[in-house]
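Have a look at the structure below, then the notes.
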Amino acid sequence: MTAIRMIAVTSGKGGVGKTHLAVSLAIEWARFGQRVILVDADLGLANADILLGIQGGHTMKSVIDGKCSLDSALIEVATDQWRRATDSDQGSLLFLPGDIGSSDLAVLEPSHQERLLETLQQLAGQADMIIFDTSAGLDWNVIRFCQFAGEALVVTNREPLARRDATVMLNVLEVVSPSPHRWLVPNQVIDELEGRRLYEHLEGFCKDRLLWGGCIVQDQAVPEAVESRSPVVLHEPECNASRSIRELARTVLDHSPSGTDDDGALFDRVREILQR
Ligand SMILES: Nc1ncnc2c1ncn2[C@@H]1O[C@H](COP(=O)(O)OP(=O)(O)OP(=O)(O)O)[C@@H](O)[C@H]1O
Ligand SMILES: [Mg+2]
């Protein structure tokens, strides 16, 4: 069986750039030829759809509630929106809208657990990578998505509160995930040196290894892109932020963490997490 990668893009504090990064990385991985599914796993302000120019549609919650099929909820992001002439033509990008709403993944009833598992299995059947854009903080739903994924990109900026909350999130993931692969992604840094320092500072608070894949520079092109409802990698592909996102995407793609499960092992793990 092929190994599928599931990656949760998460943070301790809100507003540090998760959604923008998750959408941008999903596009870059698709450009590199990966079949990518981006799942909006944000509970509150689900807004990845806005950056992808997608409106309405069924949500993951409707699928888990049994109100619609996964196929009717999955939305294909048209290749002419993101693929360039030089990109691999193997890649694809699908989006599953969010609104998990109040359904608490920590206390799903058995029928819903089964449907969630089925949904993840079906997603895995048509993807190389599944990316969860989570909400911020230590909500059980956030932790659950990080546990399912087994690999997390923890985003922070330089603000003391964001750093502190990122440390708490990293420590919690260390405890709740059996073998957590955690990347720390400093965002809105002045340069790589500042990003490295942030990474080393936070690594000092972790027992297990923290992965380094690069950082994203502060760039006015990002808020300008968001203002025009687009991720920066589409709006201004050659600006500094876009370049750093592309490098991060490449590094994470090239570094498949050791011990990546095959699909069978992965879903045994998800089932076990759901039944705990
Ligand atoms: N590298 C960057 N340079 C400049 N501004 C940035 C950068 N990354 C993100 N931002 C700004 O931060 C804002 C918040 O980003 P985003 O919505 O992705 O955060 P979030 O972590 O998903 O928030 P929430 O916790 O509410 O889900 C963006 O609208 C953008 O203006
Ligand atoms: Mg967000």
Side-chain angles (χ1 to χ4, degrees), residues 7-28 38-54 59-60 95-101 131-146 149 152-170 172-173 183-196 198-199 213-249 252:
I7 303 178
V9 179
T10 192
S11 70
K13 186 174 175 296
V16 295
K18 291 178 296 298
T19 297
H20 180 265
L21 183 62
V23 172
S24 302
L25 285 172
I27 290 170
E28 289 303 331
L38 176 65
V39 178
D40 193 335
D42 197 317
L43 308 170
L45 296 168
N47 52 8
D49 52 347
I50 296 174
L51 290 179
L52 288 169
I54 288 167
T59 63
M60 188 179 190
F95 177 64
L96 182 57
D99 180 27
I100 305 295
I131 318 304
F132 300 114
D133 171 29
T134 79
S135 23
L138 293 174
D139 182 282
W140 256 115
N141 287 312
V142 177
I143 304 289
R144 278 285 187 254
F145 277 112
C146 293
L153 289 188
V154 179
V155 184
T156 185
N157 58 28
R158 73 167 77 82
E159 289 170 25
L161 275 181
R163 288 191 333 239
R164 186 201 62 190
D165 292 356
T167 309
V168 175
M169 176 57 98
L170 290 166
V172 168
L173 292 182
W183 302 82
L184 181 77
V185 183
N187 187 23
Q188 297 186 253
V189 292
I190 295 165
D191 54 18
E192 173 150 351
L193 184 66
E194 187 193 10
R196 277 269 178 195
L198 246 170
Y199 162 79
C215 51
I216 316 299
V217 292
Q218 163 81 32
D219 191 335
Q220 185 52 28
V222 178
E224 283 169 15
V226 172
E227 188 62 33
S228 64
R229 298 173 167 239
S230 173
V232 76
V233 295
L234 296 183
H235 195 253
E236 223 178 296
E238 294 311 321
C239 74
N240 289 336
S242 293
R243 285 172 194 273
S244 49
I245 291 168
R246 198 149 55 237
E247 267 177 49
L248 173 68
V252 173

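Order of listing sets the numbers, starting from 1, for every ligand and every atom in it. Values reported hereafter were calculated over all heavy atoms of this structure, with side chains retained and with hydrogens, waters and symmetry mates removed.
Note on Thr19: counted as a metal contact of the Mg ion (ligand 2), an N/O/S atom lying under 2.8 Å.
Of all the atoms in ligand 1, the ones that sit under 4.0 Å from a non-hydrogen atom of Asn187 are 1 (N), 2 (C), 7 (C), 8 (N), 9 (C). Proximity to Val217 (heavy-atom distance under 4.0 Å) selects the following atoms of ligand 1: 1 (N), 2 (C), 3 (N). Per-residue contacts place Gly14 under 4.0 angstrom from the following atoms of ligand 1 (heavy atoms of the residue considered): 25 (O). Residue-ligand proximity, Ile216 to ligand 1, at heavy-atom distances under 4.0 Å covers atoms 1 (N).
In this structure, Gly15 is part of the shell of residues with a heavy atom less than 4.0 angstrom from ligand 1. For the ligand labelled ligand 1, residue Leu21 lies outside the 4.0 Å heavy-atom shell.
Each of Arg164, Glu159, Met169 was scored for a side chain to side chain contact (heavy atoms under 4.5 Å, CB included) with Lys13, with one residue passing: Glu159.
Here the closest non-hydrogen pair linking Arg243 and Glu238 is NE-O, 3.0 Å.
Relative to atom 3 (N) of ligand 1, the option among Val232, Asp219, Thr156 with the closest non-hydrogen atom is Asp219. Among Gly17, Ser24, Ser135, the residue whose heavy atom lies nearest to atom 15 (O) of ligand 1 is Gly17. Closest heavy-atom approach to atom 31 (O) of ligand 1 among the candidates Ser242, Ala48, Pro223: Pro223. Residue Val222 holds the heavy atom nearest to atom 30 (C) of ligand 1 of all those in Val222, Asn240, Ile245.
Distance alone, capped at 3.5 Å, is enough to place a donor-acceptor pair between the Thr167 side chain and the Arg163 backbone. In this structure, His20 contributes its side chain and Leu51 its backbone to no donor-acceptor pair below 3.5 Å. Between the side chain of Asp165 and the backbone N or O of Val168 there is no donor-acceptor pair closer than 3.5 Å. Proximity of a side-chain donor or acceptor of Ser11 to a complementary backbone N or O of Val155 within less than 3.5 Å is not detected. Side-chain N or O atoms of Arg158 include one that pairs as donor or acceptor with a backbone N or O of Gln188 at under 3.5 Å. Checked by atom type and distance alone, the side chain of Asp219 pairs as donor or acceptor with a backbone atom of Asn240 at under 3.5 Å.
Contact of the Ile7 side chain with the Leu25 side chain is not registered, since no non-hydrogen atoms from C-beta on lie closer than 4.5 Å.
Remark: ligand 1 and His20 share an N or O pair separated by less than 3.5 Å (distance only, no angle test). Between Gln218 and ligand 1, no N or O atom pair is found at a separation short of 3.5 Å. Ligand 1 has a nitrogen or oxygen under 3.5 angstrom from a nitrogen or oxygen of Lys18.
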